[in-house]
Every structure is written in C-alpha cells, then in structure tokens.
Asker: 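If you scroll down you'll find the structure; I have some questions about it.
Every chain is numbered from 1, with letters handed out A, B, ... down the list of sequences.
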Amino acid sequence: MVETKAAWKRIIARALEGYAAEKGVAAPMPAADAIVLERPPTSELGDFGFPMFPYAKLLRSAPALVAQAVARIVERDPAAARLGGAAAEGPYLNVRLARPAVVAEVLARAGSPAWGRGSALRGKKVMVEFSSPNTNKPLHLGHLRNNVLGESLSRIMSAAGAEVRKIDHFNDRGVHICKSMLAYQAYGEGRTPADEGLKGDHFVGKYYVLFNKLMEEDPKAEEKAQELLVRWEAGDAEVRALWQRMKDWVIGGIKETYARTLVSFDLYDYESDTYQLGVDSVLSGLEKGVFYRNEDGSVWADFEDINLDKKVFLRKDGTSLYITQDIGTAIARHEDWPYDRLIYVVANEQAYHFKILFETLRRLGYAWAADLHHLAYGMVNLPSGRMKTREGTVVDADDLIDELASIAAKEIEAKGREDAVGDSRAVSDRIALGALHYYLLQTGPMKDMLYDPEQSLSFTGDTGPYIQYMGARASSIIRKHLAGEGNAVKGDPDPGLLASDADWELVKQIAALPEAVDSSASAMEPSIMAAYLHDLATAFSAWYRDNPVLNNPDADLAASRIELVKAVKASFEAACALVCVPFLEAM
RNA sequence: GCGUUCGUAGCUCAGCUGGAUAGAGCGACGGACUUCGAAUCCGUAGGUCGCAGGUUCGACUCCUGUCGGACGCACCA
C-alpha cells in the first residue's frame with residue numbers, strides 16, 4: 001500500500017507538470033514526495049484523494065479545474081491505468097484502486113511470517129530505559145503504565161526495523177532504601193518472605209511502610225536512616241549484607257511481576273554500581289568551563305541562557321548527585337553500544353531534570369546528546385485523587401491484576417465457557433492483561449489519565465477484551481474450517497471473488513498495518529497501534545455479520561473468505577503483540 | 001517569577017505531516033440471538049473543539065495573547 005501510494009504521487013506529479021506545460025506555466029511543480037495525499041471522508045468517494053488547492057495558485061487556475069485537468073491527463077497515463085482510476089470530485093482528485101490486484105497482494109503479504117513489520121527505523125539502534133523501580137517496595141499502577149509504554153514502544157520500534165536494547169535501572173541505594181532496612185531491623189525478627197507467605201517485594205514494602213510506625217516510636221529514626229546510609233557508603237559488611245538480602249527479595253518479586261505482565265529487559269543496571277559515574281566527566285567539564293566551582297567547593301552550571309536555573313553537579317564534599325550519575329551512565333551506555341537514540345521512559349515530573357541533563361551533555365561536546373529523548377508520561381489518577389503511597393491510595397500492581405483476573409474468571413464461568421477455553425485460569429490472566437494494557441495505552445502518554453477501576457473492570461466497549469474477542473472469533477472460524485466444517489473445504493480460493501465493498505474495506509484495514517507500525521514507531525506513540533486494533537476489530541465485526549464464511553453456499557467464495565479471515569487473524573496477532581495484549585484463540 | 005504540559009459530547013478519550021459532513025466507548029433511549037460465539041451488532045439523542053486575535057484558498061491541528069487545571073524549578077532520587 002505504501003508503494004501504491006508513492007506510485008500515485010508520482011503519477012499526480014507528472015500530470016501536474018503536463019498541465020503546467022499545456023498552460024505554458026513556467027513555475028516548477030512540486031516533487032512527487034511533496035504531493036499531499038489524504039483519505040476521503042467516505043470510502044464511496046475513493047480509496048484516497050489528492051486536494052488540488054496547493055497547486056491552484058501555481059497553475060493560475062481554480063482548484064476544481066486543476067482537478068479536472070489532472071484527471072484528464074491521468075486517464076492517458078498507462079501506469080495509472082494499471083493501478084486503478086482517478087476522478088475529479090470538486091477540488092479533489094480521488095483515486096479508486098484496482099481491487100483484485102491489491103486484494104491478492106495483501107492476502108499474500110499477510111500470509112508471510114514477516115507480516116506486521118514496518119521499515120521506518122530499519123538499521124537504527126535504539127536503547128529504551130524504562131520501569132526503573134526503587135528496591136524498597138512493589139510496583140504500583142504508575143509502574144504498570146511506565147512498563148507497558150516502554151515494553152510496547154520497544155516492540156513497535158523493533159517491528160519497524162530497529163535493533164532495540166531494553167534497560168532497567170534499579171534505584172537500589174539511598175536513604176529510602178535504608179528506611180526499609182531500619183524498619184526490618186526493628187520489627188523483622190529475621191523473618192523471610194517465605195515465613196510470611198509474601199512475595200519478596202511485598203514483604204520488604206511492608207517494612208518500608210512500617211518505618212512510619214518506627215518514626216512515631218523513635219524520634220531519631222530519620223537520623224538513624226542517614227547514619228545507615230553513611231555506613232552503607234563506607235562499605236560496612238553487615239549493612240551491605242542486609243542491604244543485599246532485602247534487595248534480592250524485592251528484585252525477585254518485581255521480576256515475577258515483569259514476567260506476568262510480559263515485560264522483559266536485555267540489561268539490568270543498578271544505581272549502586274553507577275552512582276559515582278559521571279564525577280570525572282563533571283571534573284573535566286570544569287576544566288573546559290562547562291561548570292564552575294563555588295566558594296564552598298560545590299560544582300555548578302548555569303542555565304539562565306535557556307531560561308532555566310542554576311544547578312549543582314557535585315556537592316561541596318565532592319560526592320555526586322542524581323544528575324551526575326545520569327551523565328555518567330549516558331556516556332557509558334553510548335560507549336558500550338553506540339545508539340542512534342536513547343529513550344528514557346520516565347514520568348513527566350522529571351521533564352526539568354532531562355532538559356538539564358541533555359543540555360549538559362550537549363555542552364560537554366557530545367553530538368549524540370541530540371539523540372536523547374525523554375518520553376514523558378502523565379500521572380495515573382484515581383477518581384478520589386492523586387495516588388500516593390503515604391495516603392494509602394496506591395494501587396498495587398499485583399493486586400490489581402489479580403482482581404482483574406478474578407473478574408475475567410467469573411465472566412468465563414457466567415458464559416459457560418470453561419470447557420471451550422481450556423485452561424480457564426491462564427486465560428483469565430491473559431484477559432486481565434489485555435484489559436489493563438489496552439486501557440493504559442489507549443490514551444496518549446503525555447496526558448494525566450484517570451484510572452477508573454470500575455471502567456477498567458468492565459469488559460464491554462472499546463477495551464482489550466473486545467479486541468481479544470474479535471481475534472478469538474476469527475480464530476474460531478478458522479478452527480472450524482480446519483476441522484472440516486463448512487463449504488470452504490470444497491472450494492478453491494480466488495482473491496478476485498473478494499470484490500464487494502465490505503470485503504474491500506476489510507482488506508484496506510488489514511493492509512494498513514505496516515503503515516500503522518511505522519507511524520507508531522516514528523511518533524513513539526503506542527496509542528496508534530491501539531487505535532489500529534480498534535479499527536480492525538470494528539471492521540471485522542461489521543464484515544462477518546453480513547458475510548457468511550463457513551456456511552456460504554458458494555464454495556469458492558467461502559474458501560476465499562477463509563483466506564481473508566486468516567489475514568485478519570494474522571493482523572490481530574501481530575498488532576496485539578505490539579501493545580502487549582495477549583492474543584487468544586478462544587475466550 | 002520561569003519552564004513543561006493539558007483543556008474536544010454528561011463522563012473517559014481518539015482525531016495521522018493543517019484539507020471535503022469533528023469520531024469512539026461508557027451513560028440515556030429504541031431495536032437484533034431457531035443464523036460461523038450477543039464479552040457482539042444496528043439505530044436515535046448529545047459538541048460555537050476553554051476564550052480572543054492572527055497566519056492560510058482552508059485551522060481541533062500552526063503562531064500570539066488570555067483564562068483554567070496538572071507538574072516541575074533541592075548539595076533527594
């Protein structure tokens with residue numbers, strides 16, 4: 001379809017030049033790739049159209065007249081005749097494609113294993129950092145948005161041809177980590193997650209919350225946490241051992257959640273290993289005049305020229321800060337694996353931090369600073385207000401998925417689908433993930449979003465389960481056909497038979513997949529894939545309502561439609577994978 | 001004060017590089033299961049796209065201003 005569109009642009013460009021020659025207009029006509037192509041409001045008008053407004057002035061002629069002239073010239077173009085036909089419609093030139101050829105091509109492509117791949121990022125190396133949790137508590141709803149954005153974006157970019165490396169950066173040091181350690185020392189009595197029957201991350205998270213109790217009982221608790229941090233930094237063996245043990249518990253638990261939610265990484269790194277990186281870069285930047293030293297010894301940079309404030313890069317005692325570490329890791333990562341782009345999936349409240357970070361790297365002379373990108377995403381709000389750990393309104397990731405899965409299980413039971421579904425528990429889990437991920441990716445990342453538990457638990461409407469249901473219906477038809485049911489087994493498929501408007505609409509929707517992948521990857525917007533899936537699902541549901549497949553009296557037509565359903569299924573599978581919505585054969 | 005960002009139907013959100021009547025879902029109302037699975041489908045009602053200017057043949061889309069909301073501007077991460 002991409003090639004077809006490009007071919008039509010060339011045809012239109014040629015026709016415009018032809019018309020210019022006829023009229024004796026000397027002004028240069030636009031090049032083929034500058035021709036604007038758009039989709040008509042209704043498909044009756046054509047498969048795509050070209051507005052003639054931009055060329056009217058150049059040609060000193062009314063848009064409608066240009067359209068008529070171009071239509072006349074295109075009619076004599078043999079390349080155009082092969083691809084379909086064009087007609088003037090007011091100021092627009094609308095194209096109708098030659099259907100049989102396109103149908104045959106789309107069905108063939110959708111049948112190949114490479115279906116669903118784009119080309120926008122071919123040859124690019126993209127690094128994506130996401131999730132990056134603290135190692136003192138389990139993941140919450142906000143992480144789920146982060147994770148699905150990062151994972152989905154990685155998959156989409158990979159599908160668009162990029163080589164993608166996914167990185168998780170554990171924030172495993174700092175005073176907040178020491179707080180959970182201190183509370184564990186006070187109340188833990190040496191127990192392990194297994195003793196309490198808890199996942200490791202929930203276990204440690206419990207003690208992090210208990211630190212509040214400790215503060216009430218011990219007014220020096222905050223101070224003690226600081227002292228613990230000092231001992232940690234000094235490498236105190238006892239402190240390090242406890243730290244390592246609790247950290248392993250948390251990371252073990254978090255990795256379970258990753259596995260359950262289809263998230264994976266190519267590389268894990270740890271703040272405890274990297275937090276001193278960047279000090280040397282700052283010191284050498286100091287010599288180059290990128291930074292300056294204050295009287296007290298601290299190192300600063302001034303960003304007033306870009307309307308930002310001054311910023312500290314090294315404390316007066318020479319130790320590093322968050323920003324210092326990020327400078328170091330960005331440089332180290334680029335040395336290790338020279339990327340064309342590094343995307344940080346981090347909440348939008350960090351936007352200021354990343355502006356400073358990128359600007360600093362630019363000033364340090366790294367040309368690749370221009371390839372760094374902060375994919376900011378908004379807050380997940382609850383109807384009752386912003387979620388905060390301290391207020392206890394936080395939605396735990398594991399609990400949420402459990403709850404969704406149990407609703408799905410009840411739904412399966414209520415519909416009497418246990419036998420048809422097979423492993424009811426596994427399917428419930430996959431429906432839960434479909435519901436959650438689709439919900440989170442539907443909205444563009446920048447917006448704060450409202451998470452309405454009731455709505456996300458409802459499986460009707462424009463939801464993940466709706467997408468999964470349509471995929472399951474397509475699967476069901478194919479399954480029955482393979483089992484020997486219906487008229488199609490006796491017929492021979494012929495793409496030429498798929499000539500109705502309904503068939504055509506569905507074929508076009510299938511064909512749009514690679515373009516959706518490319519634009520989703522280029523815009524770094526997984527929501528484009530979610531929208532594609534919704535369009536595919538509604539197109540398919542409208543189609544199969546009116547077009548019997550298995551019990552079609554015409555055997556050849558039935559066989560041809562089976563091919564179309566296969567292409568639909570392949571498109572669902574490919575697109576669902578990109579938005580982390582599990583594809584289901586039955587539900 | 002400065003910076004980022006959002007403001008589209010009662011609610012939650014789409015709207016691709018500006019282009020032909022602004023779209024979904026939920027909710028409301030009315031229909032469709034002896035028909036390949038009704039977690040579905042069809043129809044009706046509902047919007048001066050926050051407001052005011054500007055650019056353009058054409059603006060929900062770009063620019064300026066303004067109002068309203070969110071977030072940020074630590075020797076915390």
Side-chain angles (χ1 to χ4, degrees), chain A residues 36-42 45 49 51 53-54 56-57 62-63 89-92 94 132 134 171 173-177 271 275 294 296-300 303-304 306-317 319-323 325 347-353 355-356 376 378-379 381 386 408 411-412 414-415 417 420 431 439 442-444 446-452 454-455 458-463 465-466 468-470 472-473 476-477 480-481 485-486 515-516 519-520 522-523 525 527-528 530-531 534-535 538 541-542 544-552 558 565 586-587:
Chain A
V36 178
L37 177 149
E38 60 128 13
R39 239 174 66 174
T42 68
L45 287 169
F53 305 101
K57 197 176 270 178
E89 200 90 47
Y92 293 86
N94 291 331
S132 303
N134 291 329
N171 298 118
R173 53 147 246 129
V175 73
H176 54 299
I177 305 293
E271 194 198 339
Y275 77 105
N294 222 350
D296 65 2
S298 54
V299 176
W300 295 71
F303 297 92
E304 260 170 36
I306 54 168
N307 268 330
L308 301 177
D309 291 333
K310 297 182 176 68
K311 175 90 187 166
V312 192
F313 286 80
L314 290 177
R315 293 190 181 91
K316 59 185 169 221
D317 61 9
T319 57
S320 70
L321 290 102
Y322 179 44
I323 185 94
Q325 167 206 286
N348 63 12
E349 51 197 19
Q350 304 279 350
Y352 185 84
H353 168 79
K355 276 191 96 162
I356 298 268
M379 218 64 198
N381 294 307
R386 189 184 155 161
E411 197 70 18
I412 291 170
K415 292 178 194 309
R417 302 273 311 158
I431 292 172
Y439 189 90
Q442 236 180 340
T443 306
M446 270 315 285
K447 281 189 179 179
D448 284 359
M449 68 183 291
L450 187 75
Y451 174 74
D452 184 341
E454 303 241 338
Q455 196 183 323
S458 113
F459 292 143
T460 65
D462 182 11
T463 63
Y466 169 66
Q468 291 172 313
Y469 177 69
M470 288 304 157
R473 293 296 299 271
S476 169
I477 292 172
K480 290 189 169 167
H481 169 249
E485 286 183 38
E515 284 170 78
S519 58
S520 185
S522 304
E525 275 276 18
S527 64
I528 291 174
H534 177 253
D535 291 345
T538 52
S541 70
Y544 83 66
R545 181 189 69 238
D546 303 326
N547 295 277
V549 180
L550 294 172
N551 46 18
N552 197 298
V565 176
M587 65 187 279

Asker: Heavy atoms under 4.0 Å, any strand shown: does T42(A) hit a base, just sugar-phosphate, or nothing?
Answerer: base
Asker: Please confirm whether the shortest side-chain N or O distance from Y466(A) to OP1 or OP2 of rC41(B) is below 4.0 Å.
Answerer: yes
Asker: What contact category does N94(A) fall into here, base, sugar-phosphate, or nothing, at under 4.0 angstrom with non-hydrogen atoms?
Answerer: base
Asker: Which nucleotide wins on minimum distance to the side chain of N134(A), given the candidates rA77(B), rU21(B), rC36(B)?
Answerer: rA77(B)
Asker: Starting at atom CD1 of I356(A), determine the distance to atom P of rA77(B), rounded to an integer number of angstrom.
Answerer: 15 Å
Asker: Is the base of rA77(B) touched by the side chain of Q350(A) through a donor-acceptor pair closer than 3.5 angstrom?
Answerer: yes
Asker: With a non-hydrogen cut-off below 4.0 angstrom, is A472(A) in contact with a base, only sugar-phosphate, or nothing?
Answerer: base
Asker: Would one find a side-chain N or O of R39(A) under 4.0 angstrom from OP1 or OP2 of rA20(B)?
Answerer: no
Asker: Return the minimal non-hydrogen interatomic distance between Y439(A) and D452(A), and the atom names on each side.
Answerer: OH-N, 3.3 Å
Asker: Which part of the nucleic acid, if any, lies within contact of I431(A), taking any heavy atom under 4.0 Å across all strands shown: a base, the sugar-phosphate backbone alone, or nothing?
Answerer: base
Asker: Using a cut-off of 4.0 Å on non-hydrogen atoms, how would the nucleic acid contact of N294(A) be classed: base, sugar-phosphate, or nothing?
Answerer: nothing
Asker: Step by step, would you call Y466(A) with T538(A) a side chain to side chain contact (heavy atoms under 4.5 Å, CB included)?
Answerer: CA-CA 10 Å; Y466(A) 169 66; T538(A) 52; 3.3 Å; yes
Asker: May Y92(A) be described as stacking on the base of rA20(B), applying a 5.5 Å centroid limit and a 30° limit on plane angle?
Answerer: yes
Asker: Determine the Euclidean distance between corresponding P atoms of rC73(B) and rU48(B); express it in Å to zero decimal places.
Answerer: 39 Å
Asker: Write down the distance between CD1 (I477(A)) and P (rU35(B)), rounded to a whole number of angstrom.
Answerer: 15 Å
Asker: Taking atom P in both rG19(B) and rC13(B), what distance in whole Å separates the two?
Answerer: 24 Å
Asker: Of all the heavy-atom pairs spanning A558(A) and V549(A), show the shortest one and how long it is.
Answerer: CB-O, 3.3 Å
Asker: Looking at L308(A) and I356(A), what are the two nearest heavy atoms and their distance?
Answerer: CD1-CD1, 4.1 Å
Asker: Between P on rU35(B) and CZ on R473(A), what's the gap in Å once rounded to a whole number?
Answerer: 12 Å
Asker: Under 4.0 Å, counting only non-hydrogen atoms across every strand here, what does M470(A) touch: a base, just sugar-phosphate, or nothing?
Answerer: sugar-phosphate
Asker: As a test of reading the structure: which of rC76(B), rU12(B), rG37(B) is closest to the side chain of R417(A), going by heavy atoms?
Answerer: rG37(B)
Asker: Contact class for P40(A) (heavy atom, under 4.0 Å): base, sugar-phosphate, or nothing?
Answerer: base
Asker: Is the ring of F53(A) stacked on the base of rG19(B), with centres less than 5.5 Å apart and planes under 30° off?
Answerer: yes
Asker: For M587(A), is there any backbone N or O sitting under 3.5 Å from a side-chain donor or acceptor partner on R417(A)?
Answerer: yes
Asker: Watson-Crick or G-U wobble partner for rC62(B), using a 3.5 Å limit on both distances?
Answerer: rG54(B)
Asker: If we call it a pair only when both distances are under 3.5 Å in a Watson-Crick or G-U wobble match, what pairs with rU4(B)?
Answerer: rA70(B)
Asker: rU8(B) P sits how many Å from K447(A) NZ, rounded?
Answerer: 7 Å
Asker: Where do A56(A) and A62(A) come nearest, in terms of heavy atoms and distance?
Answerer: CB-C, 4.4 Å
Asker: Starting from P on rC76(B), measure out to CG on L321(A) and report it in whole angstrom.
Answerer: 6 Å
Asker: Verify, without hydrogens or angle tests, whether R315(A) (side chain) and S320(A) (backbone) share a donor-acceptor contact under 3.5 angstrom.
Answerer: yes
Asker: By the 4.0 Å heavy-atom rule, please label G444(A) as base, sugar-phosphate, or nothing.
Answerer: sugar-phosphate
Asker: Have a look at P54(A) and say if it touches a base, only the backbone sugar-phosphate, or nothing, with a 4.0 Å heavy-atom cut-off.
Answerer: base
Asker: Any strand counts, and the cut-off is 3.5 Å on both contacts for Watson-Crick or G-U wobble. Which nucleotide pairs with rU17(B)?
Answerer: none
Asker: Between rC49(B) and rC33(B), how far apart are the C1' atoms? Round to whole Å, please.
Answerer: 40 Å
Asker: Check whether any side-chain nitrogen or oxygen of S476(A) sits under 4.0 Å from OP1 or OP2 of rC36(B), and answer yes or no.
Answerer: no
Asker: I'd like the P distance from rA70(B) over to rA28(B), given in whole Å.
Answerer: 31 Å
Asker: When rounded to the nearest Å, what value does the distance between P atoms of rG65(B) and rU5(B) take?
Answerer: 14 Å
Asker: Provide the distance between the two P atoms, one in rG54(B) and one in rC71(B), to the nearest whole Å.
Answerer: 35 Å
Asker: On RNA chain B, check which nucleotide each of E89(A) and A531(A) is closest to and give me the residue with the more 5' one.
Answerer: A531(A)
Asker: Taking the P atom of each, how far is rG68(B) from rC76(B), in whole Å?
Answerer: 35 Å
Asker: Select one nucleotide: of rU35(B), rA39(B), rU40(B), the one nearest the side-chain heavy atoms of K415(A).
Answerer: rA39(B)
Asker: Is I177(A) touching bases, backbone alone, or none of the nucleic acid, heavy atoms closer than 4.0 Å?
Answerer: nothing
Asker: Collect all protein-nucleotide pairs involving nucleotides 2-4 of chain B in which both atoms are nitrogen or oxygen and the distance is under 3.5 Å.
Answerer:
unit_1, atom_1, unit_2, atom_2, d
rC2(B), O2', N307(A), O, 2.8

Asker: Using whole Å, what does the distance between atom C1' of nucleotide rU61(B) and atom CD of E38(A) come to?
Answerer: 14 Å
Asker: State which of rA77(B), rC13(B), rA74(B) makes the closest approach to the side chain of H176(A).
Answerer: rA77(B)
Asker: Check every strand shown and say whether F313(A) touches a base, only sugar-phosphate, or nothing at a heavy-atom separation below 4.0 Å.
Answerer: nothing
Asker: Is the distance from OP1 or OP2 of rA39(B) to the nearest side-chain N or O of Y469(A) less than 4.0 Å?
Answerer: yes
Asker: Can you check the distance between rG25(B) and rC42(B), where both ends of the measurement are the P atom (answer in whole Å)?
Answerer: 8 Å
Asker: Can you check whether Q442(A)'s main-chain N or O pairs, donor with acceptor, with S527(A)'s side chain at less than 3.5 Å?
Answerer: no
Asker: Output the rounded distance in Å from CG (L450(A)) to C1' (rG25(B)).
Answerer: 15 Å
Asker: What is the pairing partner of rU44(B), taking Watson-Crick or G-U wobble pairs with both distances under 3.5 Å in any strand?
Answerer: rA28(B)
Asker: Quick one: pull up CG in L550(A) and OH in Y544(A) and give me the separation to the nearest 0.5 Å.
Answerer: 12.5 Å
Asker: Does rG37(B) have OP1 or OP2 under 4.0 Å away from a side-chain N or O of K480(A)?
Answerer: yes
Asker: Should K311(A) be listed as having a side-chain N or O under 4.0 Å from OP1 or OP2 of rC73(B)?
Answerer: no
Asker: Indicate, with a heavy-atom threshold strictly under 4.0 Å, whether H353(A) touches base, sugar-phosphate, or nothing.
Answerer: nothing
Asker: Do M449(A) and Y451(A) have side-chain heavy atoms sitting under 4.5 Å apart?
Answerer: no
Asker: Round to a whole Å and report the spacing from CG of D462(A) to C1' of rC41(B).
Answerer: 15 Å
Asker: Hunt down the Watson-Crick or G-U wobble partner of rA9(B), both distances under 3.5 Å, from any strand shown, or write none.
Answerer: none
Asker: Contact class for A586(A) vs. all strands (heavy atom < 4.0 Å): base, sugar-phosphate, or nothing?
Answerer: base
Asker: Tell me whether the OP1 or OP2 atom of rA32(B) has a side-chain N or O from R545(A) closer than 4.0 Å.
Answerer: no
Asker: Y275(A) and R173(A): side-chain donor and acceptor closer than 3.5 Å?
Answerer: no
Asker: Looking only at side-chain N and O atoms, does T443(A) come under 4.0 Å of OP1 or OP2 in rC13(B)?
Answerer: no
